[in-house]
K.L.:
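Following this message is one structure expressed as C-alpha cells.
Source: prediction; values computed, not measured. Labels below follow one simple rule: chain letters A, B, ... track the order of the sequence lines, proteins then strands, and each chain is numbered from 1.
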Amino acid sequence: MTKDDQDMTTATPPETDASQGDRIRQGRIDKLTQWRDQGINPYPYTFDKSHGNQELQDKYKDLPTGEETSDVVHVAGRIMAMRNSGMFIDLQDPTGKLQVFCHKENLSEDQLAGVKLLDIGDLIGATGTVRRTPRGELSIKVTDFKLLGKSLLPLPEKFHGLTDVETRYRQRYLDLIMNPESRDTLLKRSLLVTEIRQFMIAKGFIEVETPMLQGIAGGAAAKPFITHHNTLDQDMFLRIAPELYLKRLIVGGLAEKVFEMNRNFRNEGISPRHNPEFTMLELYQAYADYNDMMDLAEELVEAVALKVLGTTEITFGEHTISLKRPWARKTMIGAVLEETGVDFAKIETAEDARKAAKDLGVQVKDNESWGSVVEQVFEVKIEESLIQPIHITDYPRDISPLAKEHRDNPRLVERFETRINGWEVFNAFSELSDPLDQRGRFESQLEAREAGDDEAHQMDEDYVTALEYGMPPTGGMGIGIDRLIMLLTNSANIRDVIAFPTLKVK
RNA sequence: GCGAGCGUAGCUCAGCGGUAGAGCACCCGCCUUUUAAGCGGUAGGUCCUGAGUUCGAAUCUCAGCGCUCGCACCA
C-alpha cells in the first residue's frame, strides 16, 4: 500500500453536507481500512472454489429439511442480502443463490468481528458444511470465510431491482448483478453463438476473418462510419458487410465453404431492432445455389433451437412460432398477387408499377424502379403479417446488385429473404459470378448514387477483377444474429441481447 | 432527422404554484435459525441543467442535455 492509498482510505468524518451516496461510500472505505488494519487484504488474489451455487442446489435438492451433512464445500460470490446482523447471508454467483449461515458457534471472535465489516455487494468466499435449515433453505454452515473484494457502492434495492432502462444499459454490470433475466439472456446468447459456430464447422465451413477497416464500404446498401488512418493519411470505412471479401476467398479457393460471424457497422438510426454495430453471420458455399441456402437456413435454426432451447416451438410476445422444418416458401410477386390481387409480373414499366402501387395505397417516389415498387408494396402490405418462418424468394433484379439473374426470368434474381415474426432474419442469393454483369450492376448503382441515393453500392474494381479470374457458382447467405437471438430468447429489444449497446456518450 | 412522453434520496416511486415525501438500502441500538423486509430508532436531496413568468417554481413557459416509444433509414 502506498502513502497515497493510505491518505485515500484513512477515515475522515463524513462532511455534514456530503450527499448520502458519498457518505455510504465513505463508510465502506472506513471498513476497508479496518480490514487492512487487521492485516487482511480486501482485494486478495485467489480463492479455491469447489462448487457453483446451482450445482449445490441441484446436488442437495433431496436433502431433507433440518438435515445436516458433514460435506465440506468452498463457495464464493456476491453478498446480496444479510439478515440478523450477518448470521444469514445470501450469496449470488453466476449460476444462482445460496444461503451461507454464519453462526457464532462456528466462528472465532475475529471472524465474527469480520462479519460486521461486510456489506451487501461484497464478494466473499466461504468454507463450511452443507445443511438444510429447519425453514427448508439449503445453507452452508460457515466455519471460515474470506473477503474477496470489498464493494464501495450500494447496490440497487433488491425487491424492485434495477429497472431504469438507461442505467441497465449504461451500467450493464449492475443490471447483471440485479436482474437474473438479463444474465439468462446474455448467457443464452453465448450458447447460441457457440452452437451456430459448431453447426457451421460441422457442415464443413471454415471460419475466416476479413477486414473491418475497408477502403470501399461494399457488400450492402447502407451508410458507413468513416474513420481515418493517420500514417496512411487516408479515410477508411468501418465495414457494412464482409460479403465482397468472403467471395474473394471463394475465388481464391481458400476453401469451398467459408463463413464469418462478426460485427458490421451501419451509420443509421437506432431502434428496438437496430444497433449501429450488430453481429452478422455470412457464409458462402461453392457449387451451391439459393435453394441450398434455404435448406441450410432451416437446418441451422432448427438445430440450434433444439440444442439450446430443447424445442422448435418458441414464444415471442403474443405469438407462438414453429421453427420446425420445412418452412414455407413463396415468391415475392406471388405473395403480392395473393394479398393484393395485383400481378406485378404482368406490369412491364416502372410507371405502370408506380400507378398500381398508388392504387393500392402504397406511397412511392416518382423515380422508383419497377423492382423497388414491388418491394415496397410487399413490405407495406405483407411483411408484418409473416410471423411463421417463410422464405420470400425471387427478388427484383434492380434492387439486388450482387445476386445472379434468375434462371427463368431476367427481371428477377435468385435471392430470398427469410421472415420470422415479420423481421428479415436471412438474406441469401445465388451469388452473381458473371464479371461483366457485375460491372454493369455496379455502374447502375453509381448512377443511382449520382442521382442522390447515398446508400447505393460503390464500384469495387478489385472485386470485379477477382470475378474476372473466375468464381464458381456460389450460394451465399447473411444472418442477422442479434435478431435471431432476440427471437430465441423472447427479447423485445435488440439491446437486451447486446451486452453493451450503443448509447450516446454522456 | 421528426413527433410524443419521461428525468425528485444509492434504488423503486409519490408530490404537480405555498418550508421536499414514502418504502427498501445506509448509519446506530437490540437480536443469533432468518429469508422481498428479524425488531426499534436516526439521518439522508443543486427535485437533470440554464433562462423566464410569479410575492413565491420540483410543479407553469422556453431552450439545452440524457433516456424511452413511434415515424423515417435499415438488419
K.L.:
Would you please name every residue forming a side chain to side chain contact (heavy atoms under 4.5 Å, CB included) with A:Thr143, sequence neighbours left out?
P.N.:
A:Thr127

K.L.:
How many whole angstroms separate atom CD of A:Glu379 from atom P of B:C73?
P.N.:
9 Å

K.L.:
Go through residues 57-70 of chain A and report each residue with a non-hydrogen atom lying under 4.0 Å from RNA chain B, sorted by number.
P.N.:
none

K.L.:
Among the nucleotides B:C73, B:A25, B:C27, which one has an atom lying closest to any side-chain atom of A:Glu268?
P.N.:
B:C73

K.L.:
Looking only at side-chain N and O atoms, does A:Lys31 come under 4.0 Å of OP1 or OP2 in B:C27?
P.N.:
yes

K.L.:
Base, sugar-phosphate alone, or nothing: which one does A:Arg132 contact when heavy atoms must sit under 4.0 Å apart?
P.N.:
nothing

K.L.:
Scan for ring-ring contact (aromatic ring centres under 6.0 Å, His included) pairs involving residues 119-142 of chain A, sequence neighbours excluded, and state none if there are none.
P.N.:
none

K.L.:
What pairs with A:Lys141 under side-chain hydrogen bond (donor to acceptor under 3.5 Å, both in side chains), at least two apart in sequence or on another chain?
P.N.:
A:Glu68

K.L.:
List for me each residue that meets side chain to side chain contact (heavy atoms under 4.5 Å, CB included) alongside A:Ile270, sequence neighbours excluded, and say none if there are none.
P.N.:
A:Pro276, A:Arg495, A:Thr502

K.L.:
With sequence neighbours excluded, what pairs up with A:Lys404 under the salt bridge (charged side-chain N to carboxylate O under 4.0 Å, His left out) test?
P.N.:
none

K.L.:
Show me the pairs that pass ring-ring contact (aromatic ring centres under 6.0 Å, His included) and involve residues 133-186 of chain A, at least two apart or across chains.
P.N.:
none

K.L.:
Kindly state each residue pair satisfying side-chain hydrogen bond (donor to acceptor under 3.5 Å, both in side chains) with at least one member in residues 86-103 of chain A, sequence neighbours excluded.
P.N.:
A:Lys49-A:Asp93, A:Arg83-A:Asp90, A:Arg83-A:Gln99, A:Asp93-A:Thr95, A:Gln99-A:Ser139

K.L.:
side-chain hydrogen bond (donor to acceptor under 3.5 Å, both in side chains) with A:Thr489: which residues, sequence neighbours excluded?
P.N.:
A:Ser491

K.L.:
Any N/O pairs under 3.5 Å between the protein and nucleotides 64-67 of chain B? List them or say none.
P.N.:
residue	atom	partner	partner atom	Å
B:G66	OP1	A:Lys504	NZ	3.2
B:G66	OP2	A:Lys504	NZ	3.4
B:G66	O3'	A:Arg170	NH2	3.0
B:G66	O2'	A:Glu166	OE1	3.2
B:G66	O2'	A:Glu166	OE2	2.5
B:C67	OP1	A:Arg170	NH2	3.2
B:C67	OP1	A:Lys504	N	3.0
B:C67	O4'	A:Glu166	OE1	3.1

K.L.:
Shorter than 3.5 Å, N or O on both sides, protein versus nucleotides 2-8 of chain B: list them out with atom names.
P.N.:
none

K.L.:
Going by heavy atoms closer than 4.0 Å, what residues in residues 85-104 of chain A are next to RNA chain B?
P.N.:
A:Ser85, A:Met87, A:Phe88, A:Gln99, A:Phe101, A:His103

